[in-house]
Amino acid sequence: MDDSRTNIDLAVGVLIALRGCSPEQAFEELVAHSHEFNVSLLQSSRSLVAEARKQCGANDAVWGEVLADRKPSGGIENVA
């Protein structure tokens, strides 16, 4: 998957799941990371998505385990 926008959107989705934040907050975090480490937004996004895939076992992830350690930032509650 080499589409820049797709990678950025996936990274935003990972941050939303982990942080319980809005899409805007997730995007701002990606931008801040890329500035802090002096890398492109695409490079930051690809790194985050790759790490998320490693952490969840990519092909056989159980969503409950992936989200168990998320850090809610308020507003979104876990309803199970």
Side-chain angles (χ1 to χ4, degrees):
M1 143 180 25
D2 287 337
D3 179 42
S4 302
R5 189 69 216 172
T6 300
N7 277 281
I8 293 168
D9 288 343
L10 285 170
V12 166
V14 167
L15 289 172
I16 290 169
L18 292 174
R19 307 263 194 261
C21 62
S22 72
E24 293 79 15
Q25 291 168 320
F27 185 77
E28 288 171 11
E29 185 173 342
L30 276 176
V31 170
H33 178 274
S34 67
H35 287 158
E36 181 179 347
F37 291 94
N38 197 28
V39 296
S40 71
L41 183 60
L42 181 57
Q43 188 174 351
S44 288
S45 299
R46 285 180 175 160
S47 295
L48 177 59
V49 170
E51 187 61 29
R53 285 186 171 140
K54 262 196 315 193
Q55 293 296 319
C56 73
N59 296 327
D60 57 355
V62 176
W63 287 110
E65 292 175 13
V66 172
L67 298 176
D69 293 327
R70 77 177 182 89
K71 300 172 189 166
S73 65
I76 298 177
E77 292 187 29
N78 231 350
V79 287

Notebook entry, point to check: In terms of hydrophobic clusters joined by side-chain contacts under 4.5 Å, are F27 and V39 together?
Noted result: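 No, F27 does not connect to V39 through the hydrophobic network.
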Notebook entry, point to check: Does V12 belong to the same Ile/Leu/Val/Met/Phe/Trp/Tyr cluster as V31, with side-chain heavy atoms less than 4.5 Å apart forming each link?
Noted result: yes
If you round to the nearest 0.5 Å, how far is [atom2] of [Y] from [atom1] of [X]?
X: S34; Y: E29; atom1: OG; atom2: CD; value: 11.0 Å
X: I8; Y: L48; atom1: CD1; atom2: CG; value: 12.0 Å
X: Q43; Y: L30; atom1: CD; atom2: CG; value: 12.5 Å

Note to self: Is there a side-chain contact between L15 and E28 in this structure, where contact means two heavy atoms from C-beta onward sitting under 4.5 Å apart?
What the structure shows: no
Check: Within a strict 4.5 Å, meaning less than it, do heavy atoms of the S45 and L10 side chains meet?
Finding: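 No, every pair of side-chain atoms sits at 4.5 Å or beyond.
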Item checked: Closest approach of L42 to N7 (non-hydrogen atoms, all atoms of both residues) -> CD1-CB, 3.8 Å
Next item on the list: Please name the pair of heavy atoms, one in V49 and one in A11, separated by the smallest distance, quoted to 0.1 Å.
Entry: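 So the minimum-distance heavy-atom pair works out to CG2-N, 3.5 Å.
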Next item on the list: Name all pairs fulfilling the salt bridge (Lys or Arg N to Asp or Glu O under 4.0 Å) condition that reach into residues 8-18, sequence neighbours left out, sorted by first residue then second.
Entry: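 Output for this query lists R5-D9.
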